[in-house]
2 protein chains.
Amino acid sequence: MGRACPPCSFGKQPMSLAHVILGLLQQQERTGYDLKTECFDDCISHLWKADQAQIYRTLDKLESHGWITCTVEIQHDRPNRKVYRITEAGEAELTHWLQTHYPLPVLREPLLVQLYFSAQLPNEVIVYLLEQELEARQEKLAQCEAIEALSLSNPTASREQKLHRLVLDLVKQREQTYLDWLEKAIATIRSQSI
Amino acid sequence: MGRACPPCSFGKQPMSLAHVILGLLQQQERTGYDLKTECFDDCISHLWKADQAQIYRTLDKLESHGWITCTVEIQHDRPNRKVYRITEAGEAELTHWLQTHYPLPVLREPLLVQLYFSAQLPNEVIVYLLEQELEARQEKLAQCEAIEALSLSNPTASREQKLHRLVLDLVKQREQTYLDWLEKAIATIRSQSI
DNA sequence: ATCTCATATATGATTAGTCATATATTAACA
DNA sequence: TGTTAATATATGACTAATCATATATGAGAT
C-alpha cells in the first residue's frame, strides 16, 4: 500500500517547476522533448523557463513520487519517445497546489538594480542602457501580441483559453507599464533634470 | 603582479547578487549583518532578496577576487564586526556591470501559473486565490508608498535619490497594474463570464 | 543565576538551476 | 559515403539559492 511520499511537495519550497510540468501533463500526455520544444519554448515561455536537463530530471523525480507514469513509445522513423502521463495522485497534488496561495516573489530585474546604483554614471550611459531595455521590451510585447493573434482571439474560446487570455493580458499590461515608464525615465534623464 | 581573476564575472552568469553587494558597498562600507538587516531587509528589498548564508559566502568570494577588502572592527559592547569596503578593482567591475545590458529575465510568478492551469477548478476557488493575491499586492503597494513618504519625498533630492525614486516609481506602477488586473479578473470570473 | 534578545559570523546539507557534452536514431542532402 | 539536421534522452560538473543550525558576545530582564 506504500504511500510513496509525504502528503505534498518534495522539500519545503513551492516546487513550482514540478507543478508547471504537472499542469502541462494534465492538459495532455507529453515527452520531455515536447515539454522543452512546445511548452517552455512556446506557450508558457513568458511565465516559466526551464533548462532541458532540469526538465528530464524533474520528470524522473515526478515519476519516482508516483505523480506521473511513463510508457515508451516505439517509433520507426525516429528515436523512441518516453511518453509521460499524470496519475490520480499527481492530479490530487496539482489540484492542491493550484489552490495554495504563495508569498509574492521578489522579481530580480538586473536593469532596476543597475539604475538604482548608477548615480556615478554619466546620463548618456544610463540612457543607452534604458534604450536597450526599451528595445527588448518592445520586442517582448510584440511576441505577446503575436501569441494573442495566433491562438487566443477566437470568440468561441473555451474556459481554458479564456484563462490563458487573462494571464496573457497581465503579461502584456506589465510590458506596457514598463515601456511607459522607460519612455518617461529616458525623457527625464535626457532633459538633465536628474 | 597576480591578476587574481579573469576580466569580469566569476562564471558565465550575470552574477547579480555579487554586483548588488558591490553596489551597496560602493555607497558605504558595511558588514554582512548590515547588508542583511539594513539592505536586503529594507532599502532594495523590493529588487533583490538574499539569504544570510548567501550574503556571507558572497562576501568571501568577492574578497577572494580582490573586489572588496575586510577589516575587523573590535567592539566592546557587542561581538566584533568584519567591515567590508569596495576596492578600485571592485569599482571597475561594478562600473562595467552597470553598463552591460542583460536579457530580460522570465519572471516566475506562481499565481499566473496557477491561473493558467486552473480551468478545472470552480470559479469560487479561483476567485479566492485571486483575492488573496490582491490583499498581498495591496500590502506591498502600501509598503512602497511608505518608503516613498519616508525617504524619497524631499524636493532637494540628490542625483542618487532621484534615481532611487525612478526605480520605486516602476515598482509602484507594476503593483498598480497588477491590482487593476486582479480587480478586473475577479469581476470577470465572478460574473460567470468565464 | 539563568533566560532571552540583539548582534555578529560561519558552515553543513540540500534543492534548484545552468552549462556543456555524450549518446543514439533516422532523414535529407551533397 | 559522409555530413548535417532534427529528434530524443541522459549525465557530469558546476553555480546559485535555501534551510537549518552552530557558535559567540554582551545587555537587560526575571
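Note that the coordinates shown come from a computational prediction; the quantities given were computed from them, not determined experimentally. All values below were derived from every heavy atom in this structure, side-chain atoms included, with hydrogens, water molecules and symmetry-related copies excluded. Below, read A as the first sequence line, B as the second, and so on, with proteins coming before strands; counting in each chain starts at 1.
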**Report entry** Length of the line joining L62(B):CG and dA16(D):P, which is rounded to integer Å
**Finding:** 11 Å

Report task. May I ask you to say what D60(B) touches in the nucleic acid, namely base, sugar-phosphate or nothing, with a heavy-atom cut-off under 4.0 Å? Result -> nothing

Report summary line: Rounded to whole Å, CZ of R30(A) lies from P of dT7(D) at a distance of 16 Å

Query raised in the report: Roughly how many Å is it from CD in Q52(B) to P in dG12(C), rounded to a whole number?
Result: 14 Å

Query - Between E93(B) and H19(B), a side-chain donor and acceptor under 3.5 Å - result: yes

**Report entry** DNA chain C: 5'-proximal contact among Q54(A) and R57(B) (nearest heavy atom)
**Finding:** R57(B)

Query raised in the report: Are L141(B) and L130(B) connected in a single hydrophobic cluster, I mean Ile/Leu/Val/Met/Phe/Trp/Tyr linked by side-chain heavy atoms less than 4.5 Å apart?
Result: yes

Query raised in the report: If you draw a 6.0 Å radius around CD in E88(B), do more than 12 non-hydrogen atoms from other residues or ligands fall strictly inside?
Result: no

Requested in this report: Starting at atom CD1 of I55(B), determine the distance to atom P of dA8(C), rounded to an integer number of angstrom.
Outcome: 14 Å

Requested in this report: Would you mind reading off the distance between K49(A) atom NZ and dA16(D) atom P, rounded to a whole angstrom?
Outcome: 13 Å

**Report entry** Atom pair distance, as rounded to whole Å: CD in E73(A) and P in dT7(D)
**Finding:** 15 Å

Query raised in the report: How many Å lie between CG on N80(A) and P on dT26(C), as a whole number?
Result: 8 Å

Query raised in the report: Which of these nucleotides, dT21(C), dG17(C), dA8(C), is closest to any side-chain atom of R81(B)?
Result: dA8(C)

Query raised in the report: When the distance from OH of Y56(B) to C1' of dT18(D) is rounded to whole Å, what number comes out?
Result: 17 Å

Requested in this report: Take nucleotides 23-30 of chain D nucleotide by nucleotide from the 5' end and write B, S or -, depending on whether a protein heavy atom sits under 4.0 Å from the base, only from the sugar-phosphate, or from neither.
Outcome: -BBS----

Query raised in the report: Do other residues, nucleotides or ligands put more than 12 heavy atoms under 6.0 Å from the OH atom of Y128(A)?
Result: no

Requested in this report: Consider only side-chain N and O atoms of E91(A) and Q120(B), and report whether a donor and an acceptor are under 3.5 Å apart.
Outcome: no

Requested in this report: Quick one: sort the W67(B) and H65(B) rings into parallel, tilted or perpendicular, breaks at 30° and 60°.
Outcome: tilted

Report summary line: Assert: residue with more 5' nearest nucleotide on DNA chain C, out of R108(B) and Y84(B), is Y84(B)

Query raised in the report: Are D180(B) and T177(B) linked by a side-chain donor-acceptor pair shorter than 3.5 Å?
Result: no

Report summary line: Of the candidates dA16(D), dT18(C), dC19(D), the side chain of D51(A) sits closest to dT18(C)

